[in-house]
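Down below is the structure, laid out as C-alpha cells.
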Protein chains: 4
Amino acid sequence: MSRAPGSSGEKTLKAIYEAGIDLIYQYGYEAVSLRQLAGAVGIQAGSLYNHIASKQDLLFKLIHSIVLELNEQLDAELENIDDPEEAMRAFVRYHITWYTARKQQVFIGNMELRSLKAENYTKIVALRRRYEMRLKDILDRGIAEKHWSMPDSSVSARALIAMLSGVCVWYDPEGGYSIEELVSIYTEIVFKGLGKPA
Amino acid sequence: MSRAPGSSGEKTLKAIYEAGIDLIYQYGYEAVSLRQLAGAVGIQAGSLYNHIASKQDLLFKLIHSIVLELNEQLDAELENIDDPEEAMRAFVRYHITWYTARKQQVFIGNMELRSLKAENYTKIVALRRRYEMRLKDILDRGIAEKHWSMPDSSVSARALIAMLSGVCVWYDPEGGYSIEELVSIYTEIVFKGLGKPA
Amino acid sequence: MSRAPGSSGEKTLKAIYEAGIDLIYQYGYEAVSLRQLAGAVGIQAGSLYNHIASKQDLLFKLIHSIVLELNEQLDAELENIDDPEEAMRAFVRYHITWYTARKQQVFIGNMELRSLKAENYTKIVALRRRYEMRLKDILDRGIAEKHWSMPDSSVSARALIAMLSGVCVWYDPEGGYSIEELVSIYTEIVFKGLGKPA
Amino acid sequence: MSRAPGSSGEKTLKAIYEAGIDLIYQYGYEAVSLRQLAGAVGIQAGSLYNHIASKQDLLFKLIHSIVLELNEQLDAELENIDDPEEAMRAFVRYHITWYTARKQQVFIGNMELRSLKAENYTKIVALRRRYEMRLKDILDRGIAEKHWSMPDSSVSARALIAMLSGVCVWYDPEGGYSIEELVSIYTEIVFKGLGKPA
DNA sequence: CATGAATGAGCCTTCATTCAT
DNA sequence: CATGAATGAAGGCTCATTCAT
C-alpha cells in the first residue's frame with residue numbers, strides 16, 4: 001500500500017520550518033548550516049532538498065509565511081471595527097500580543113531581511129508596507145473623526161510600530177509583566193501621544 | 001612583500017574599523033569575509049592579522065567602542081544638568097541625534113550582538129544596561145520631583161529607548177524631516193506620555 | 001557533483017589510509033597536506049571529511065591500527081608457545097619480519113608520535129608498553145627457567161627491541177640479506193647476549 | 001663607540017640555535033614556526049633573518065654542527081687507541097654518553113633528516129656514513145686481531161649503532177640507571193655478541 | 001640590528017548542493 | 001524519500017619571507 005498522500009513529507013517539511021525558525025533565531029541565517037538544520041530534524045543534509053529548493057528558498061518561505069500571517073490575522077482582527085479608537089486599541093493589543101507570542105518569528109522577519117536576495121526582499125518589503133498602511137489608515141481616520149493630534153500620520157505610524165515592536169526585544173514571560181499589563185501600559189502611552197488620554 | 005611606503009599601523013587599523021562597519025552594516029558579520037574586508041582596506045586578508053586577533057575580535061572591538069562612546073558622550077551631555085525635565089530633553093535629543101548620525105553603528109550594535117561569543121556578549125550587555133540606567137534615573141527623578149506619571153520606570157525606560165531607537169530604522173536624511181523636527185516630534189510624544197505636555 | 005559511479009565508502013577509506021601511510025612516511029605528517037592526500041586518493045580535499053574527522057584523527061587512526069595489529073599478531077604468534085627459548089625465537093622472527101615488511105608503518109608509528117595530541121598520544125603509548133611487556137615476560141621466564149643472564153629484564157627488553165628495530169631502518173630487500181638471514185643473525189646475537197649461544 | 005665585533009649578534013645567533021633545538025626536538029621542524037622561535041629568543045620573526053638565511057638553512061646548520069661534532073669528538077676519543085677491544089669499549093662509552101647527553105640533538109639529527117632538502121640531505125648522510133665507518137674499522141680489526149665472530153662487519157656496525165642508539169630513546173636521568181651502569185650493561189651485551197664475554 | 005607591517009601562498013576545514021543508490 | 005559520498009568554492013587563519021623605517 002502506498003503512503004497516504006502528503007502525510008510523511010508534510011510532517012518533515014513542518015519539522016524543517018520549525019527547526020529552521022529555532023536555529024535562525026538563535027544563530028542567524030548565515031551562521032546556521034544545512035547540516036545543523038538537518039541534524040535538528042533528524043535527517044541528512046542532502047535529504048533537505050526533497051523538501052526545499054535551497055537555503056535561500058527556505059528563508060524566503062519562512063519570512064513570507066510570517067509576514068503573510070501577520071497581515072491576515074490583523075485583517076481578521078480589524079474586520080468589523082469601524083471606530084478608529086477601538087481599531088487603535090485592537091491594533092496595539094494585536095501587535096503586542098503577536099510580537100511577544102512570536103518573538104522568534106518577529107526577530108527573523110526583521111533581522112534576516114538583508115539575507116534575502118533582491119527579488120525575495122522586494123516581495124517581503126511590500127507585505128510589510130501593507131501592514132504599516134493599516135495603522136496609517138487608523139491614524140488618518142482618528143485624526144479626521146476624533147481630532148487626534150499627530151504631526152504626520154506616516155511618520156507616526158512607523159514610530160508607533162517601532163515603539164510597540166520594541167517590547168518583544170526585552171519581553172520576558174517570567175519577567176513580572178503580563179501581556180495584558182503591557183497592552184495597558186502601551187495603550188496608555190499611545191493615547192497620551194494622540195492627545196487623548198485613555 | 002614589504003610594507004607599502006607611507007602605510008602605518010594606526011592608519012590601517014582605522015581603515016579596517018571603517019570598512020568593517022560599512023561592510024558589516026551592509027551584509028552582516030557572518031556574511032562578510034575577511035578577504036572582502038581586506039580588499040576594501042586595500043591589503044591582503046592575512047595582513048589583517050597584524051591589527052586584529054580574529055574576526056570575532058574585530059566585531060567585539062567594533063561594538064565595544066560604539067557602546068562605550070555612546071555612554072561617554074551621554075555622560076558628558078548630562079553632566080551639569082540637574083533638572084529632570086531638562087535632562088529628559090537632553091536625553092531625547094542626544095539619543096535621536098546619535099542614533100540617526102550613527103545609523104550603521106547603531107544597527108551593528110543591536111543586530112550583531114548574537115554573533116558575539118558568550119564572553120564578549122556579557123561585556124557589551126553590561127554597557128548597554130548602564131545606558132538604560134541613565135534614562136531610568138531621569139525618569140525616577142522626574143517622577144519624584146515633577147510628578148511625572150509612569151507605570152514603571154524600568155519598563156518605561158526600555159519602552160522609550162525602543163521608541164526613540166526606532167527612528168534610526170527608517171530615518172532618511174533626504175526624507176523630509178530634519179533631525180530638529182524629529183527631536184521636536186519625539187520630545188512632544190515623550191512628554192505627553194509623561195503627562196506633561198511639552 | 002554527486003558520487004562517482006562505483007565509488008564506495010569503504011573503498012575510499014582504505015585508499016585514504018594507504019595513501020596516508022605512503023605520504024606520511026615519505027614527507028612526514030606535518031609536511032603532508034590534505035590536498036596532497038586527497039589528490040593521491042583521487043578526490044577533493046573536502047571529501048576526505050566524509051571519512052575522517054580531522055587530519056589529527058587520521059594520524060591517530062593510522063597509528064592506532066598499526067600498533068593494535070602489531071600486538072594482536074604477536075599474541076597469535078606466541079599463543080601456544082610455553083618454552084621461553086622458543087618464545088624468544090618466535091619474538092625475534094616476528095619482530096624482524098613485521099618491522100621489515102611494514103617499514104613504512106613502523107616508521108610512522110615511531111616518528112609521528114609527537115604529532116599526536118596529548119590525549120591520543122597516551123592511548124598509543126599504552127599499547128606500545130603492552131608490546132614491551134610481552135618481551136619482558138619472555139625474558140623473565142627465561143631467566144627463571146633457563147638461567148639466562150640478564151642485567152635487568154626491563155632495560156634488556158627495551159634494548160633488545162631497540163636493537164631489533166634498528167634493522168628496519170637500514171634493511172633493503174635488494175641489499176644482499178634475506179629476512180631469514182637477518183633473523184638468523186639477530187637470533188644468534190640475542191642468544192649470545194643471553195649467555196646461551198644459539 | 002661601536003659595538004665590540006661579533007658580541008651581540010653572536011649571542012643572538014647562539015640563542016637562536018638553542019631555542020631551535022629545543023623547539024624542533026619538542027614539536028618537529030615542520031611544526032615549529034619562525035614566530036614561535038623568534039618568541040623564544042625574544043625578538044620579532046623578521047629579525048631572525050639578520051642571523052639565518054632561511055628556516056631550511058637553520059635546520060641544516062643545526063644538524064650539520066651536530067653530526068660534525070659527533071665525528072670530531074669520536075676522532076679525539078679514539079686517537080691514541082690501537083687495541084680493537086679498548087677501541088670498542090671507548091666507542092660504546094662514547095656513543096652512549098654522547099647520545100644520552102645530547103638526547104635532543106640526536107633526535108633531531110635522526111628524525112629531521114627528511115625535512116632537509118636534497119642537497120643538504122646528501123651532505124649530512126655523508127657525515128653519518130663516516131661515523132659508521134669508524135665502528136666498522138674497529139670491528140674488522142677485532143675480527144682480524146682478536147678473532148671476534150661477526151656475521152658481517154657492515155651489518156653488525158649498523159646493528160650495534162642501532163642498538164646503542166636505542167638507549168637514548170628511553171633513557172631517563174632520574175630513571176634508576178646511571179650512565180656508567182648503562183655503559184657497563186651495553187658493553188657486556190656487545191662483547192657477548194662478539195663472542196668475547198667482557 | 002630590530003621592528004612592524006606587508007605579501008602571497010597555502011593550510012585545514014566547512015559549506016551548499018548534487019545525485020547514484 | 002532518505003542516504004552517503006562527492007564536488008568546488010570559499011572561509012578564517014598561519015606561514016616564511018621581505019623591507020622601509
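Just so it is clear, the model here is predicted, and its values are computed rather than measured. Note on naming: letters A, B, ... go to the chains in the order of the sequence lines (proteins, then strands), and numbering restarts at 1 for each one.
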Distance, rounded to the nearest Å, where [X] contributes [atom1] and [N] contributes [atom2]:
X     : N      : atom1 : atom2 : value
B:I16 : E:dA5  : CD1   : C1'   : 11 Å
A:L58 : E:dA16 : CG    : P     : 11 Å
B:K55 : F:dT14 : NZ    : C1'   : 17 Å

Taking [X] for its side chain and [Y] for its backbone only, find out whether a donor-acceptor pair lies under 3.5 Å.
X      : Y     : result
B:K55  : B:S33 : no
B:E30  : A:G28 : no
C:K123 : C:H64 : no
A:Y29  : A:Q56 : yes

Inset, instruction - Would you check if C:N120 and C:L59 make a side-chain contact, meaning some heavy-atom pair closer than 4.5 Å? - result: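 When only atoms from C-beta onward are counted, C:L59 and C:N120 do not touch, as no gap falls below 4.5 Å.
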Check: Does anything in residues 21-43 of chain A reach DNA chain F, meaning a heavy atom under 4.0 Å, and if so which residues?
Finding: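 Only A:R35, A:I43 qualify.
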If each of D:G46 and B:G46 is mapped to the nucleotide of DNA chain F with the nearest heavy atom, which maps nearer the 5' terminus, i.e. the 5' end?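 Taking each residue's closest nucleotide, the earlier one in sequence belongs to B:G46.
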Within the pair [X] and [N], is there a side-chain N or O less than 4.0 Å away from OP1 or OP2?
X     : N     : value
A:H51 : F:dA2 : yes
B:Q44 : E:dA6 : no
D:T12 : E:dC1 : no

Review point. Between C:I52 and B:L48, which has a closest nucleotide on DNA chain E that is more 5'?
Key: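 Here B:L48 is the residue nearer the 5' end.
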Going from CZ on D:F107 to CD1 on D:I21, what distance comes out if it is rounded to the nearest 0.5 angstrom?
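Here the rounded value is 13.5 Å.
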Consider the side chain of [X], meaning its heavy atoms from C-beta on, and name the nucleotide among [options] that approaches it most closely.
X     : options                : result
B:S47 : E:dA6, F:dG4, F:dA6    : E:dA6
B:N50 : E:dT18, F:dT17, E:dT7  : E:dT7
A:Y49 : E:dT13, E:dT17, F:dA16 : E:dT17

The dot-bracket string of DNA chain F, counting Watson-Crick and G-U wobble pairs with both distances under 3.5 Å, using [ ] for crossing pairs and | for pairs to another strand, is .||||||||||||||||||||
| task | Report yes or no: do D:E112 and D:S115 form a side-chain donor-acceptor pair below 3.5 Å? | result |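 Looking only at side-chain atoms, D:S115 and D:E112 do form a donor-acceptor pair, the distance falling under 3.5 Å.
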- [ ] Take atom OH of D:Y17 as the centre, draw a 6.0 Å sphere, and report whether it contains more than 12 heavy atoms from other residues, nucleotides or ligands.
- [x]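 Atom OH in D:Y17 is crowded, with more than 12 foreign heavy atoms closer than 6.0 Å.
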Nearest heavy-atom pair of D:L48 and D:L34: which atoms, and what distance?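 Looking at all heavy atoms of both residues, the shortest contact is CD1-O, 3.4 Å.
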